[in-house]
Amino acid sequence: MMIDFSSVFMFLAVGVIFVAVTMLLARLIRPADPNVVKMSNYECGEDPIGSGWFTFNVRFYIIALIFVIFDVEAVFLFPWALVFKSIGWIAFWDMLVFIVILLVGFAYVWNMGDLDWIKDLDNLKENEEDTVISGTMPNTTSGQVH
Amino acid sequence: MSVNSYTVQAVFFYIFAALIVGSALLVVLLRNIVRSAFALFFTLFGVAGIYILLGADFVGVTQVLIYIGGVLILIVFGVMLTHNVYSVDIFNKLGTLVMGTVSAIVTFTMIYYAIKQVPWLYIGYKANAPTTGPIGRELMTSYLLPFELASVLLVLAMIGAAYLIRSEVKVKKAAGNGGPSGERPADGIRKED
Amino acid sequence: MLLSTITLSDYLVLSGLLFSIGVFGVLTRKNAIAVLMGIELMLNAANINLVAFSKFIDTGLNGQIFALFSIVIAAAEVAVALAIVISIYKTTRTIDLDKEDTLKG
Amino acid sequence: MGVLEDKLPDNILFTNVDKFLNWSRKNSLWYMLFATACCGIELMQTGAARYDLDRFGAIFRATPRQSDLMIVAGTITHMMADRVKRLYDQMPSPKYVIAMGSCANTGGPFYKDSYSVLKGVDKVIPVDVYVPGCPPKPEALIEGIMKLQKKIMEEKNLVKK
Amino acid sequence: MTELINRILTGMSTTMPLTRLLITILIMVVSTAIVLAVSLLYEGFATYAERKVAGDIQARIGPNRVGPYGLLQFVADGVKLLLKEDIIPFYADRWLFIIAPYIVFTVSFAAFVPLSYSDHVSIANLNVGVLYMIAISSVVSMAILMGAWGSNNKWSLFGGMRAVAQIVSYEIPIVLSLLAAIIIPASLNLRDIIAYQSGGLGIFRWLVFNNPFTLIAFFVYFIAAIAEVNRTPFDIPEAESEIVAGYHTEYTGMRFAFFFMAEYGDMFVVSAIAATLFLGGWQIPFIGGIPMPVWLREVLQIGVFFTKVFLLIYVMMWIRWTLPRLRVDQLMELCWKYLTPIALFNLIGASVWVLLLHDKGVYDIIARVFTR
Amino acid sequence: MEPKKIYGILSEKFGGKIKQFIESTLPPSVLVETGAIADVCRFLKEGDGLDFTSLMCLSGVDLKEQGKMAVVYHLHSMKQKHKITIKVELDRNNPHVQTVEQVWPGANWYEREAYDLLGIVFDGHSDLRRILLPEDWEGHPLRKDYVYPKRYHTWDV
Amino acid sequence: MAGYFKKMYHSISTVLTGLGVTIKYGINPKTEVTQQYPEVKREPPDGFRGKLFVDINICTGCTACARICPVDAITLKTVRDENKKLRPVLFDIDNARCIYCGLCVEACPVDNCLYFEKKYEFSAYSKQDLISHFGLGEVKPAESKTEDKKTEAEKEGKEAAQ
Amino acid sequence: MTKADEKFMQVNMGPQHPSTHGVLRLLVTTDGEVLSGVKPYIGYLHRALEKIAERVTYPQFTPFTDRLDYLASMNCNLAYAMTVEKLLNIEVPRRAQILRVIMAELNRISSHLIAFGSFSSDMGAFTPFLFGIREREFINDLFEIACGARLTYNYIRIGGVSKDIPGGFIEKTREFLDYFPAKIKEYNELLSYNAIFIKRLANIAVISPDDAFDYGITGPNLRASGIKWDLRREEPYLIYNELDFDVPVGKGEMGKTGDAWDRYMMRIYEMEQSAKIVRQCLDLLAPGDYTAKVSKVLKPPAGEVYVRAENPRGELGFYLISDGSTKPYRLKIRAPSFANLSIIPKLARGVMIADLIAIIGSMDIILPEIDR
Ligand code: SF4
Ligand code: SF4
Ligand code: SF4
């Protein structure tokens, strides 16, 4: 096992070294003529307004939060998956309980709308209805226009 | 290869130890909190390496998956969400700094002597074997209850955390009716009085 | 030879080092999330211990499983702690622990 | 300037290295997605299926940071000129500019009577190739790009000038 | 590779530990270098292929001037990127900005480690192979976030946030759908999993055909994998028409190239996982049972493996050049409201199948019916 | 409805504030007193049977010889399918007129444009800034006596 | 719930339809419409508006073209030669400014004097190279009556002609 | 820094941005992904056309109308020619009228093709964009045969057209008309009815009829809101009253009437109708004069006219004041996109960044016309 993992470390090391060497090589042959405008941040050709480090929507945090919980659960499922066949139904029920508990939480966040993005700040009501998909595609396009 | 394997392990150990200690120092010393959050990345990575050195491949990989891929992201998100460009020094006053240093040194000294004092009972050096399957078996048998409890704990944590965040979002939603000019009345009012 | 013998105590010393760095972080920082990061360091130190014990002393895999649970708990803890920090930040615009009057009531 | 730039002696080996560098540069002209007016449509059509600029290794990038070539396609007004200059400045060297169409060349239709049009983009940024036309046909643009490639091939990078 | 090292070491006369160690390291370095070279070549070729495929689909030609059939296009691009000036914006967080490409590239490269290319050709035989690959690719999100934050550019941060949210979210369906396959061979070791899929008439022992649930798992995995590597229709982190170039807006020259290469490297890795877990890895379909010399078999196996992977990559490209992209909330909705529940129930279904039918796949059952 | 009739309705309602009916233009126009334009427009939009739902065009005109400026509103009703032109004349040296932004929100930009190019000030406008020319531009180019600038920023014009 | 699955079905089916369209192109190289430019050149149709050409020998120097040009791309200077005929000594067309509108060609009273060539690829490294000179050069003037057709002076001429 | 500033981030979108269709600049205020306000800044392409008009003669201005809305130069030529003709009271020969209709409708198709294409590439699907341009090339070829230029035609002149169509034009046009419907079907399969596309567009940025009136929105955008208003029908000019064609209106097939999908679909429908019109015109084409007798120097009597025509983007109006000299006294251009754009701040509130792109794309604005 050690030798297998040492190749992981070897890969990591070689990867870093490769990047470093390439950057070094590039440094040798690439030109460099910085100026003030060049070093300023790109914002579609305008002067950047304020700093790029803005505080963004808290939604991203919620997504990450739910992810972490699921991730942890998923990690537990891996050892389970390996012994599942040999243990049999007991393992199945154990896992089912585990997953059901998880599902309860999942249903809760789903229900509370944590999985939705807040789409509107003010006219939230208006766009809330979901897309109505009207069956299949019409064969001709002009037939139904008037 | 026995002798060499130890040597290699030792080399790896020192590399990882250096990585861990160095980056952990960065974590606590850097003034820029975003950077120190990213320094944590290297600490966690080094710890994963240590696990693998210890033959705990599953735990090592889990460390990467959960800590780096999950918890650290949460932390970085948290930092970014509460990031304030104008936030002043994130360190406490000098007094606390001295106190912290002293207590850190004291802690370490104590731990160090404790380790050196205890005559550890080695049961010998176990050969590395696959751990995932056995862990699964243990989880399904002796650790079944904690296993299920962990699930409950996680779900509760998720619900709780989501609730906390959401209550905040609700406030925002209500306040958002003010329109795009976006003066949020609830925000920024320190509830001191 | 120094290099050839990495034993339990080396791991423990490493863990102790990491732990005390964590202690330092927790004690000196006043940003709530920075404190949280210090705690993470300490938790990791503990996990190193667990796994090292599992390797050198334990007969089974108990140490590793404990470490696993510890990781789980850390995840849950961080999730909740950060949620609290963020919601405090959103209302008070600061996560400076010295000014955290709201936490104290 | 780069560490090795203009430092190497002028011998066969290094001249060939230089040629190789130029060859790669000329065959990988990523142009910035930047079009202001009518010529921009022709630029788009040049990149599209019929003329397919991709054949020459020229693809578009949305950000100036990753582009080598700025094709000024269309009218540049005074208001826009500042932005063009900024965008040009934000491109990493080596960078090239093609002025496409009469507007970019001289102000074209708006040369005489317009108060707001910049009379030729070369007033704000250096131009390598001028492609005439209003708008130039895609073929003309490709020919302009090939002219630019020819020009690139004659450049010297590492070798002493 | 372990095998190879052992064989060489046993064949050697010297018993000097140091020499043996050095030789081991040498072999490792050489093999790593070979993988590096191959992966670089692949990444270059993939960019070329992408443009060619795009060309085909869009009724045009694609690069054809640089070298024969434009095959040297990626050389030109690579050297050109090497020659580009390097810009680190003044207000950027220098360290993060610099470190990010290192991590992105290294991590995507390290994901090649546990892959098994044929019966005997593999770098390392990790016991936690599958988990390792998932774990290592989840690190990418961290690196992207570093680069995005480090750039101090709004578009970058937008892209970075989107990328992270997307990568982490889609990890869940990926893991759950992989589990549905893993319970059958009951191993995380990629070679074991491939070995499990051997035999059978041609392709029917492949896990994807094992039972209906694995088939669903395969599709769920593939969709999620496309999202994991940020490709259309899930390319919102780099959505050109929305946020310019996403998290690498500020990156120039080589630094950008590393992001770019990592993207194609990741594509290979996720396709390789799909091929390994669901499509029998290097198992040669139909003629696998015929006796043949070892070297031929090895070559064929490598060929088959790469064919499978490239087919999957082709499908990814094909999808990319067909579909419009989703919006960020729809993307999350797809992941959390469709793929995750499906994968979860699918996992339950698969486990019930395994238990009820005593680990028999559809093929086994049919075969049994016929042999009766 | 015939423009003539619209004129009739208007002059009935507003009396002397409706100055003149010009038939030669196409569509025929009604000259309105400057101060009354907002009211007239509102009436045109909301009045019974008038229903001028949309402002097709709002143009400023520099009538240098007469020392005046004019603002011309081309109105059109999609419901009634009739059109009319409304005109007001302003003092060239101090062109002020009420905004019709509240009547047709679309007028916002047209008025900004007229302000930008001709310097007509629309009183009550919510955001009267230059729209087509840079903020630091001098003069109003569509005036007949506009002199082209020689330099802008760092380059020759 | 039914809506949930219906949506899923709808998405999958339409996505597959789309994929069907593209794969047809993907595997069939005959659908390619690319014309490989430098090798394959399409002959522009008659009446194509390319580069302007002046047959200076039959040009009468009437300046109709210079007057109609909306952008003053034509610089024309005429001199009366011995036969009292107007000869264009200077006839520059600034291709960098011309907008290829064709007004001058239509205005030219002499057949086949001013016309568009079927040539349109003539990019240059310098703007100066884009000016085509057709003028006869100095012709021995009989009288020193010159007409300078340039910007202001030319505009007056235009006014006068109308 | 106020509290609001902290919460909301302002970012410039444009003038150089892949999907602002030229040089539009939008100052976007967002809270992460959700927009709380958009301020358009225009004028980056202000070319002073109205001033130029006062300084050149009537015929000389025709080439400038080409540059007004370069995607629909013919239509602009046409509107301008009609304006001057109205002032001069010129009767245009029938053949010229038919030719004008053919050209205008072909140009409508080609303009809508770009609208379709660039919209699809905004939505992340790049292939339809190239397909659109591929068909557009066909039309460009037709125009090139007819008038010698691909984009700036200067074909429709005061009094008629600049020259008669050459032989072969009719056949080629028919060829195109036969070829085109299959392509429209392809677009629909590829994009219009794609679930992702619908999901992105349905119910986004709904323009109610009242809003449309208020902001003076015209053309396909107005019709998408369910109002059957087409100048070709309501105030027929040229020979439109003899022709049989439908005026498609939005019916809210996929969501609410007047949403982005409806606006998009209007263009597809209109392309079909235009093809139909061209076909009829080809049949009607009889020998005759291609232009009326107009003197070289035009001196319209003093007066003023406001003439409008149905352009691909809406009603293009010319308000022309003549003082009896050879040059217009004042020419005001009422550009459809100008009005269409002015509603965007209203629409883009509370939507996401990706929706903003969809809104701009679905409005199909074109900058030179807005900035003039
Ligand atoms: S050169 Fe001609 S076609 Fe090109 S942008 Fe200028 S006016 Fe338009
Ligand atoms: S084609 Fe037009 S622009 Fe060119 S020279 Fe003739 S009149 Fe002038
Ligand atoms: S109009 Fe014809 S003849 Fe007269 S000057 Fe011009 S080219 Fe010569």
Side-chain angles (χ1 to χ4, degrees), chain D residues 1-5 17-34 44-69 87-96 138 142 145-146 149 152-153 155-158, chain E residues 47-48 50-67 69-90 92 151 153 155-156 159 238-257 259-260:
Chain D
M1 279 288 152
V3 179
L4 282 185
E5 210 159 355
V17 168
D18 239 18
K19 261 204 197 124
F20 173 67
L21 299 185
N22 283 335
W23 168 85
S24 62
R25 237 175 228 174
K26 88 162 201 207
N27 280 316
S28 169
L29 286 171
W30 293 358
Y31 58 97
M32 184 162 55
L33 201 58
F34 174 62
M44 269 154 57
Q45 310 222 76
T46 317
R50 168 90 70 90
Y51 300 100
D52 194 10
L53 264 183
D54 198 9
R55 287 181 297 133
F56 298 86
I59 51 172
F60 66 79
R61 299 294 314 172
T63 147
R65 300 293 193 191
Q66 290 147 19
S67 27
D68 319 285
L69 171 62
L87 286 172
Y88 174 77
D89 279 341
Q90 288 188 339
M91 282 162 64
S93 336
K95 49 191 169 186
Y96 309 96
I142 295 180
I145 289 177
M146 281 159 55
Q149 290 185 334
I152 293 173
M153 266 328 256
E155 271 178 5
K156 292 209 165 140
N157 306 307
L158 306 183
Chain E
T47 55
Y48 165 77
E50 173 98 276
R51 285 159 81 168
K52 271 297 196 197
V53 170
D56 282 345
I57 285 176
Q58 294 162 350
R60 57 191 179 90
I61 295 179
N64 72 343
R65 314 249 127 194
V66 193
Y69 302 104
L71 268 170
L72 294 182
Q73 183 63 53
F74 70 89
V75 180
D77 284 344
V79 177
K80 190 236 20 206
L81 286 171
L82 204 62
L83 278 171
K84 285 306 266 187
E85 187 188 357
D86 179 46
I87 300 174
I88 301 175
F90 191 70
S151 301
N153 180 309
W155 300 124
S156 297
E238 298 157 31
E240 231 142 26
S241 57
E242 292 162 26
I243 49 173
V244 190
Y247 49 84
H248 47 61
T249 301
E250 289 284 358
Y251 279 93
T252 57
M254 245 8 238
R255 293 189 206 281
F256 159 70
F259 275 102
F260 205 62

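Chain letters run A, B, ... following the sequence lines, proteins first and then strands; every chain starts at 1. Heavy atoms only: backbone and side chains are in, while hydrogens, waters and symmetry mates are out. Every value quoted in this text rests on a predicted model; they were computed, and no experiment measured them.
- Partners of D:Phe56 by ring-ring contact (aromatic ring centres under 6.0 Å, His included), not counting sequence neighbours: none found.
- Of the possible polar contacts, none joining the E:Gln73 side chain to the D:Ser28 backbone as a donor-acceptor pair under 3.5 Å is found.
- Both the backbone and the side chain of D:Asp68 come within contact range of chain E, each with at least one heavy atom under 4.5 Å from a heavy atom of that chain.
- Taken to the nearest 0.5 Å, the CG atom of E:Asn153 stands 8.0 Å off from the OG1 atom of D:Thr63.
- Relative ring orientation between E:Phe260 and D:Trp30 is described as tilted, the plane-to-plane angle lying within the 30° to 60° band.
- When every heavy atom of D:Ser24 is checked against every heavy atom of E:Ala76, the shortest pair comes out as CB-O, 3.4 Å.
- Here the CZ-CE distance, from E:Arg65 to D:Met146, works out to 7.5 Å after rounding to the nearest 0.5 Å.
- Considering every non-hydrogen atom in both D:Met91 and E:Ile87, the closest pair reads C-CD1, 4.4 Å.
- With sequence neighbours left out, D:Arg50 forms a salt bridge (Lys or Arg N to Asp or Glu O under 4.0 Å) with H:Glu137, H:Asp141.
- Residues E:Ala59 and D:Ala49 come closest through the heavy atom pair O-CB, 3.8 Å.
- Scanning both residues, E:Lys84 and D:Pro92, for their nearest heavy atoms gives NZ-O, 3.2 Å.
- Proximity to chain D (any heavy atom under 4.5 Å) is shown, for E:Leu72, by both the backbone and the side chain.
- For E:Ile61, the parts sitting under 4.5 Å from any heavy atom of chain D are the backbone and the side chain alike.
- Shortest non-hydrogen contact noted between D:Gln66 and E:Tyr251 is NE2-O, 3.0 Å.
- E:Thr252 approaches D:Arg65 most closely through the heavy-atom pair CG2-O, 3.0 Å.
- Each of E:Asp86, E:Leu83, E:Leu82, E:Val79 has some count of heavy-atom pairs under 4.5 Å with chain D, and the biggest count is that of E:Leu83.
- The most heavy-atom pairs under 4.5 Å with chain D, out of E:Lys80, E:Glu250, E:Arg51, E:His248, come from E:Lys80.
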